2 protein chains.
Amino acid sequence: MQTGSTKTSNEQPRRARTRVTIADVANHLGVTKSTVSRALNGYTDISDSTRLRISRAAERLGYRPLSHAQAIRTGRVRSLGLVLQVDNEDSARPFLADFIAGVTQAASAENWTVTIATAETERGVQETLSRLVDEHKADGFILPRTRSRDKRVEALRAQDIPFIMFGRTEDPSGCSWYDIKGEDAMRAATARLASQGHRRIAHVPGGSEYTYSKLRIDGYRDGLAAAGLSIDPALITSPAITHDAGEAATRSLLMLAEPPTAITFAVDRAALGAYRVAQDLRLRIGSDFSVIAYDGIPEGAYANPGLTTFAVNSRQAGDRLASLLIKRIRGAAPEELRELAPATLVERGSDGPPRLTPAELAQCLKDKQKT
Amino acid sequence: MQTGSTKTSNEQPRRARTRVTIADVANHLGVTKSTVSRALNGYTDISDSTRLRISRAAERLGYRPLSHAQAIRTGRVRSLGLVLQVDNEDSARPFLADFIAGVTQAASAENWTVTIATAETERGVQETLSRLVDEHKADGFILPRTRSRDKRVEALRAQDIPFIMFGRTEDPSGCSWYDIKGEDAMRAATARLASQGHRRIAHVPGGSEYTYSKLRIDGYRDGLAAAGLSIDPALITSPAITHDAGEAATRSLLMLAEPPTAITFAVDRAALGAYRVAQDLRLRIGSDFSVIAYDGIPEGAYANPGLTTFAVNSRQAGDRLASLLIKRIRGAAPEELRELAPATLVERGSDGPPRLTPAELAQCLKDKQKT
DNA sequence: AAAGTTCCCGAAACCGGTTTCGGCAAGAGG
DNA sequence: CCTCTTGCCGAAACCGGTTTCGGGAACTTT
């Protein structure tokens, strides 16, 4: 019974609702499609009067070109790609909404859109990215959380596909980026603590695969050096980006024979782990020992005392990233599209002059352990 | 010097990187484009052997059809649209990442993508939505946070564009939805508190323009009725969805001559405001008065005592919404695509048997006020 | 063996835009 | 007055797919 061209899949015929096409505009004015197209796209071989007539008519008829119809010839879909890694641990990203708002806002301003995708693993991100590339779902990509050696960067660079990093990377050739100066923030944090009188200042770094982690350690080191303090490798723990890991790192630091009176954390979430330690050991954060972190997550404001931190403006970051990427897609050289912005210090209660010296703190902890 | 067809805009010629097209596959096998197209799209008038040959060759050559090239004829871009309202107040949406992960995951599974956009105002959302519709950037839309009377719904319904709501609405004709049974959760919350011995149980509703708010109030009322408790209009406050508003609502309830010993909140964030009141008045949440809320935001776990709440699975919601929407786009009747799922109770420490009667609580508060 | 089906697939139109090419007309130059 | 530009726009090809139409070959049926 089947009559040749019967489809098996359950797709429904597209609805017949008619759109205003470029041909409608052309017919309406008695010109050709090509004239309309060139008039609307800024070609110079169209007289001003004609251009005006056409753009008016297009406006009045409500003509909106289909970007996918344009894309077939131009190769541009006017869309930015964003592939997020959402693993189970830190899937709760409080500033994601802001970040996306920034990206989409800048994109809409140029009449572009944003194509978003997620994956759980690094490998999954790679695959998703390459699918979007293969199907040309986006003209360029925003790469958040860049690693020192980043496969996404390598793949896109090799294929000469426009991209911009939120973060920096080891080999910057052909790369554009927007990043927050985490190194400056950590330098400032260390300087601030030193000026408060701290002499032993520790650092809990972030994930070692990420570029930011190295940069923040550098900043921490620079800050110590500038304050004339020596660098004690024992005061730099293993990486910690979660609540639990931050708690463990804090504990290990306080166990030291000569414990630090201040700790800088590369990420807020780890710093919040220190609060649990303080509660456990009945220490007051901000006097018994101080904490300064980085990120600016909202939970930091609810902590008690509030977490002093260097906050990043996620919305602005998204906005700048999208703007720069569009420029890149339009042909700007990648080397011209590199921007750094500062984090802003949010002073709350988690830091202050040390009540005790390291030796006294050690003694105090030993006493508490007995009881 | 300009030679006629010079463009003024700064667009760069698209890069010449060649893709594998359908013609390449066809030539490679000595068949026509149309045969390849039909073979790959499941038409029945292609012999199995040919179909196999073609799909193998396509695979081997790495052929991926351009969705925008397909779209020009089919009218389908294989993309789901999602327009979020990101206002300044609650822009920090902790489950957004999960929600997006769910949506994109279900979309990718069908080889679809997700086009995301944001706006700050209700009006902005409307405009963004209509821009996406006009440019046909998506084949259908996911509408989060539906209102009782929702302009987005009316607009899309009028134009017969597929959509699905996360939430319900007043006039369900032509609507599909996925929603969490907030009414059941509130009924269960009230029942739970009643069984703990509470006799005066209050409710702090969410934004009155949203459908969920009305439903949760209904659930609260049903719960009271089922427990044989009377409904006191004084125990239903004005809407509160922020920390501050929740704090104010709590204060007003405790000021009552006969205050409630338990409060149900339509949203977690408002419930967290109650903690500030408790701290202020030196009341213990979970014994002096109890709190049960709804949402399952992560901050609830950090509160002290932990917030007992009905949590929604955002990831699953996103997943189901995307799946249902795709079915809708493929032609399923909207009435068949309606799903409800339960919220799950997360028992923490914010509720328990009342230590005091309402009268005693009032007295206690009066005493504290004196000192 | 002729006629009618059924199974496959090629040819060509089509979707809605963009871009190339060429030509007419008006203005400039000699 | 004739030629040479220059400005402006139409005709048609083109992008990469999908879909319609029709027809040849093989297979039944009578």
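Numbered from 1 within each chain, the chains take letters A, B, ... in sequence-line order. Fair warning: this is a prediction, and the values are worked out from it, not measured in the lab.
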Under 4.0 Å between a side-chain N/O of A:Thr35 and OP1 or OP2 of D:dG10, yes or no? yes
Counting heavy atoms from C-beta on, name the nucleotide in C:dT19, C:dA11, D:dT18 closest to the side chain of B:Thr32. C:dA11
Please determine if a side-chain N or O atom of A:Thr74 lies less than 4.0 Å away from the OP1 or OP2 oxygen of D:dC15. no
Return the value, rounded to whole Å, for the distance between atom OH of B:Tyr43 and atom P of D:dG17. 15 Å
Touch check for A:Thr21, heavy atoms < 4.0 angstrom, all strands: base, sugar-phosphate only, or nothing? sugar-phosphate
Nearest-angstrom distance from the residue atom CG of B:Asn41 to P of D:dT18: 5 Å
Verify the distance criterion only: is there a donor paired with an acceptor across the side chains of A:Thr50 and A:Ser47 at less than 3.5 Å? yes
For A:Asp24 and C:dC15, give me the distance from atom CG to atom C1', rounded to whole Å. 13 Å
Between D:dC14 (P) and B:Ile22 (CD1): distance, integer Å: 18 Å
Can you pull out the residues from residues 54-70 of chain A that lie within a 4.0 Å heavy-atom distance of DNA chain D? none
Under 30°, 30 to 60°, or over 60°: which ring-plane class applies to B:Phe166 and B:Tyr178, parallel, tilted or perpendicular? tilted
To the nearest angstrom, the CZ-P distance between B:Arg78 and D:dG17 comes to 11 Å
B:Arg73 atom CZ is separated from D:dG16 atom P, nearest whole Å, by 17 Å
Just by modelled atom types, is the B:Val77 backbone N or O under 3.5 Å from a matching donor or acceptor in the B:His68 side chain? no
Do A:Thr104 and B:Thr118 have side-chain N/O donor and acceptor atoms under 3.5 Å apart? yes
Checking C:dG10, D:dG17, D:dA11 against the side chain of B:Lys33 (C-beta onward), the nearest is D:dG17
I'd like to know if A:Asp45 reaches the base of D:dC9 with its side chain such that a donor and an acceptor end up less than 3.5 angstrom apart. yes
With no hydrogens and no angle check, do the side chains of B:Arg76 and B:His136 hold a donor and an acceptor under 3.5 Å apart? no
To the nearest angstrom, the CG-P distance between B:Leu40 and D:dT18 comes to 8 Å
A:Asn27 CG to C:dG16 C1': how many Å, rounded? 13 Å
Treating B:Glu339 as the side-chain partner and B:Arg320 as the backbone partner, does any N or O pair qualify as donor plus acceptor under 3.5 Å? no
How about B:Ser79 and B:Lys137: does a side-chain donor come under 3.5 Å of a side-chain acceptor? no
From D:dC15, C:dT20, D:dC8, nucleotide with atom closest to A:Arg38 side chain: C:dT20
Which part of the nucleic acid does B:Ser34 contact within heavy-atom distance under 4.0 Å: base, sugar-phosphate only, or nothing? base
